[in-house]
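Working notes for the structure below.
A note on names: the letters A, B, ... follow the listed sequences, proteins ahead of strands, and every chain is numbered from 1.
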Amino acid sequence: MSQRVKIKQVLHDDAVQYTATVKGWVRTFRSNRFIALNDGSTNNNLQVVVDFENTDPAILKRITTGAAISATGTIVASQGSGQKVELQATSIEILGDSDPEKYPLQPKKHSLEFLREIAHLRFRTNTFGAVFRVRHTLAYAVHKFFNDKGFVYLHTPIITASDAEGAGEMFRVTTFDPQKPPVTEEGKVDWKEDFFGRATNLTVSGQLEGETGAMAFGEIYTFGPTFRAENSNTARHLAEFWMIEPEMAFYNLEDNMNLAEEFIKYVIRYALEHNREDLEFLGARLAEEEKSKPQAERSEMGLIEKLEFVLNNDFMRITYTEAIDILKNSKPNKNKKFQYMVEEWGTDLQSEHERYLVEKHFKKPVILTDYPAAIKSFYMKQNEDGKTVRAMDILFPGIGEIVGGSQREENLDKLVHKMEELGLPVEEMYWYLDTRRFGSAEHSGFGLGFERLVLFVTGMTNIRDVIPFPRTPKNAEF
RNA sequence: UCCUCCUUAGCUCAGUUGGUUAGAGCAUCUGACUGUUAAUCAGAGGGUCGUUGGUUCAAGUCCAACAGGGGGAGCCA
């Protein structure tokens with residue numbers, strides 16, 4: 001281990017005539033002589049040249065796709081044209097064999113669907129190597145952005161008793177024997193007997209707890225796993241996903257939008273600067289995919305071009321009401337091309353409408369604000385018009401909603417009134433309402449789906465391919 | 001959850017109006033070759049046609065249910 005160098009460094013340094021040991025996994029072994037070795041530090045392989053005439057044939061036979069090896073030798077300028085430098089090996093050690101009859105990865109293109117079924121091995125492919133290195137960089141950039149701005153990283157609870165967020169179906173957390181849970185005299189499950197003395201669930205959002213932190217530290221963010229027991233079977237939903245939720249005191253809706261836009265641009269720029277090679281690989285991969293699509297469906301921009309375009313352009317900001325007007329007068333609405341016609345103010349926008357606005361009309365990210373109160377959550381600040389709330393959704397091309405946020409209702413009476421209207425347990429939520437009872441102030445926040453961000457940056461199209469081990473309905477393998 | 005399409009070798013896919021022994025490329029194995037880049041060339045092995053039931057003299061092919069997967073929709077991040 002002492003002498004080991006990472007392949008990324010060997011390739012980056014571009015130096016020659018020095019001794020080095022590298023360790024990694026064999027991608028292919030060509031001509032009984034050339035090993036394409038990958039150690040996960042970069043998508044590029046190091047070519048290890050074996051002196052096959054002076055190597056034990058028994059060792060040569062064990063250099064198979066997937067095997068872990070250690071190679072020591074001299075880094076020299078390559079005679080071949082595919083790489084600048086290579087390792088002229090003087091000794092090869094097999095660290096772990098890989099039975100070629102059984103190892104599922106071959107040196108060829110595999111379908112993403114197949115690789116999803118072997119998610120524990122797909123990290124060893126170029127595509128997933130790049131995707132998960134980019135994911136890491138984005139996660140790091142999230143923390144760096146907020147840390148540099150003085151936000152406090154607050155760990156909100158994973159297990160919650162609150163069922164008032166209204167953000168969807170929840171997973172129950174219990175230690176009861178499912179065969180025979182304790183029951184009350186009425187024959188109902190007696191949650192008082194459960195571990196926490198009450199019914200508990202996995203969190204669907206850290207927002208409400210986050211608000212209590214914002215009303216002390218000023219600015220906080222959460223970044224953790226989130227769980228939704230919805231029976232959603234789409235390329236952009238997971239039952240377990242990672243969400244970033246900043247919450248800021250003294251921010252109004254505009255401050256909130258400014259922060260969200262700055263944040264998204266920051267992390268994208270950070271990935272472009274620190275994962276250029278991986279993004280170039282993913283871009284090339286995407287371009288290859290595009291070739292097999294019909295002309296009309298091809299995207300106009302390459303991956304990196306698309307990311308730079310987002311960095312260099314302001315997000316379009318319009319109100320829900322303006323969006324409805326645009327959609328009403330749009331060609332697909334007049335020609336009845338929409339599956340759902342846009343007729344009246346007040347209904348929620350369908351995916352096809354959001355896609356039209358983002359991908360056809362404005363051709364850039366769009367921030368929609370001031371939605372009808374009836375289709376948004378109880379905690380959003382009510383506008384003076386009595387109809388709309390200070391909500392904002394950020395819509396991205398190909399992804400849809402990547403951010404959902406709002407200015408929060410800081411007026412205790414208005415908030416309680418709204419909760420009573422919706423039949424929410426006001427008593428139980430005393431701790432949340434205390435933020436409005438004691439030193440209430442204007443504040444805002446948003447939630448950003450991390451995997452949706454990774455989807456956009458990597459150019460992948462299925463959310464199951466940007467989280468290591470996806471949890472979806474009927475799937476919790478690995 | 002709804003609509004729709006798909007499920008044939010380890011992988012990607014052919015398989016005609018239902019008809020005799022189900023094919024190809026890649027991978028694997030054996031051999032040849034050795035500065036290769038998903039190496040190349042020759043040969044070989046490899047199949048409960050997703051599962052169950054039905055129609056028929058006969059089912060990979062037709063029908064039904066179920067399971068899994070893709071695409072779209074809803075819910076949302």
Check your understanding: What does C33(B) pair with, Watson-Crick or G-U, if both distances are under 3.5 Å?
Key -> none
Review point. With a 4.0 Å cut-off on heavy atoms, is Gln47(A) in touch with a base, just the backbone sugar-phosphate, or nothing at all?
Key: base
Check your understanding: Looking for any heavy atom pair under 4.0 Å, which part of the strands does Gly404(A) touch: base, sugar-phosphate only, or nothing?
Key -> sugar-phosphate
**Study point:** Centroid-centroid under 6.0 Å between Phe362(A) and Tyr356(A) rings
**Key:** no
Check your understanding: Across all strands shown, which nucleotide pairs with C62(B) by Watson-Crick or G-U wobble geometry, both distances under 3.5 Å?
Key -> G54(B)
**Study point:** Ile35(A) side chain near Phe29(A) side chain, heavy-atom distance below 4.5 Å
**Key:** yes
Study note, to complete from the structure: By nearest-nucleotide position on RNA chain B, the 5'-leaning member of Arg33(A) and Phe29(A) is Arg33(A)
**Study point:** Distance between C1' atoms of G74(B) and G47(B) (Å, rounded)
**Key:** 41 Å
Practice item. State whether the aromatic ring of Phe34(A) stacks on the base of G35(B), taking stacking to mean ring centres under 5.5 Å apart and ring planes under 30° to each other. Key: no
Practice item. Determine the contact category for Phe114(A): base if any of its heavy atoms lies under 4.0 Å from a base atom, sugar-phosphate if only primed atoms, P, OP1 or OP2 are that close, otherwise nothing. Key: sugar-phosphate
Check your understanding: When you compare A59(B) with G19(B), how far apart are their C1' atoms, in angstrom units rounded to a whole number?
Key -> 10 Å
Exercise for review: Searching all strands shown, indicate the nucleotide that pairs with A67(B) (Watson-Crick or G-U wobble; both distances under 3.5 Å).
Suggested key: U7(B)
Practice item. Ignoring hydrogens and angles, state whether a donor on the side chain of Glu277(A) or Asn44(A) is under 3.5 Å from an acceptor on the partner side chain. Key: yes
Point to revise | ring-ring contact (aromatic ring centres under 6.0 Å, His included) partner of Phe469(A), the single match among Phe132(A), Phe241(A), Phe478(A) | key: Phe478(A)
Exercise for review: Could you tell me whether the side chain of Ser232(A) has a donor or acceptor atom within less than 3.5 Å of a complementary atom in the base of C75(B)?
Suggested key: yes
Review point. Can a donor-acceptor pair under 3.5 Å be found between the side-chain atoms of Ser78(A) and the base atoms of G35(B)?
Key: yes
Check your understanding: Tyr371(A) has an atom OH; how far is it from atom C1' of A77(B), in whole Å?
Key -> 13 Å
Check your understanding: Between G74(B), G70(B), U34(B), which nucleotide gets closest to the side-chain atoms of Phe52(A)?
Key -> U34(B)
Review point. Say you pick atom P in G72(B) and the same atom in A27(B); how far apart are they, in whole Å?
Key: 32 Å
Point to revise | Between G72(B) (P) and Tyr340(A) (OH): distance, integer Å | key: 15 Å
Exercise for review: Kindly point out which of A73(B), G69(B), U36(B) is positioned nearest to the side chain of Ser351(A)?
Suggested key: A73(B)
Check your understanding: Hey, which of these two, Arg464(A) or Lys376(A), hits RNA chain B nearer its 5' end, going by closest nucleotide?
Key -> Arg464(A)
Review point. Across the strands shown, which category fits Gln79(A) at heavy-atom distances under 4.0 angstrom: base, sugar-phosphate, nothing?
Key: base
Review point. When the ring centroid of Phe123(A) is compared with that of Phe128(A), is the distance short of 6.0 Å?
Key: no
Practice item. Go through the side-chain N and O atoms of Gln83(A) and Ser78(A) and say whether any donor and acceptor fall under 3.5 Å apart. Key: yes
Review point. Any side-chain donor paired with an acceptor under 3.5 Å for Glu230(A) and His237(A)?
Key: no
Review point. How about Tyr153(A) and His143(A): are their ring centres within less than 6.0 Å of each other?
Key: yes
Exercise for review: Could you state the atom-to-atom distance from CG of Leu115(A) to C1' of G70(B) in whole Å?
Suggested key: 15 Å
Practice item. Ignoring hydrogens and angles, answer whether the base of C76(B) and the side-chain atoms of Arg452(A) contain a donor-acceptor pair closer than 3.5 Å. Key: yes
Practice item. In whole angstrom, give me the gap between the P atoms of C66(B) and G71(B). Key: 23 Å
Exercise for review: Rounded to whole angstrom, note down the C1' distance from C29(B) over to A73(B).
Suggested key: 49 Å
Practice item. Mind calculating the distance between CD (Glu288(A)) and P (A38(B)) to the nearest angstrom? Key: 12 Å
Check your understanding: U36(B) phosphate, OP1 or OP2: any side-chain N/O from Arg30(A) under 4.0 angstrom?
Key -> no
Review point. Can you find a donor-acceptor N/O pair under 3.5 angstrom joining the side chain of Glu53(A) to the base of U34(B)?
Key: no
Check your understanding: Would you say the base of U1(B) and the side-chain of Asn233(A) have a donor-acceptor pair closer than 3.5 Å?
Key -> yes
**Study point:** Partner nucleotide, any strand, of U1(B) [Watson-Crick/G-U, under 3.5 Å]
**Key:** A73(B)
Practice item. Mark up nucleotides 23-31 of chain B, 5' to 3', with B wherever a protein heavy atom is under 4.0 angstrom from a base atom, S wherever such an atom reaches only the sugar-phosphate, and - elsewhere. Key: --BBSSSS-
Revision key, fill the gap. Closest of A73(B), C76(B), U37(B) to the His237(A) side chain is C76(B)
Exercise for review: State the pairing partner of G46(B); accept Watson-Crick or G-U wobble contacts with both distances under 3.5 Å, and report none otherwise.
Suggested key: none
Exercise for review: Rounded to whole angstrom, note down the C1' distance from C6(B) over to U12(B).
Suggested key: 14 Å
Check your understanding: What is the nucleic acid contact for Glu245(A), judged by heavy atoms within less than 4.0 Å: base, sugar-phosphate only, or nothing?
Key -> nothing
Point to revise | Phosphate OP1/OP2 of U37(B) contacted by Ser81(A) side-chain N/O (<4.0 Å) | key: no
Check your understanding: Whole Å only: how far is the NE2 atom of His110(A) from the P atom of A38(B)?
Key -> 14 Å
Revision key, fill the gap. The single option from Arg135(A), Arg471(A), Arg464(A), Arg236(A) that satisfies salt bridge (charged side-chain N to carboxylate O under 4.0 Å, His left out) with Glu451(A) is Arg135(A)
Check your understanding: Where the side chain of Arg116(A) is concerned, which of G69(B), A77(B), U37(B) is the nearest nucleotide?
Key -> G69(B)
Exercise for review: Quote, to the nearest angstrom, the P distance that separates A24(B) from C63(B).
Suggested key: 29 Å
Exercise for review: Step by step, work out the side chain to side chain contact (heavy atoms under 4.5 Å, CB included) result for Phe338(A) and Ser330(A).
Suggested key: CA-CA 10 Å; Phe338(A) 282 140; Ser330(A) 69; 3.6 Å; yes
Practice item. Using a heavy-atom cut-off of under 4.0 Å over every strand shown, decide if Lys109(A) touches base, sugar-phosphate, or nothing. Key: nothing
Review point. Between G68(B), C75(B), A77(B), which one does the side chain of Arg236(A) approach most closely?
Key: C75(B)
Check your understanding: Distance between the C1' atoms of A65(B) and U20(B), in whole angstroms?
Key -> 32 Å
Check your understanding: Are a donor atom and an acceptor atom from the side chains of Asn383(A) and Arg390(A) found within less than 3.5 Å of each other?
Key -> yes
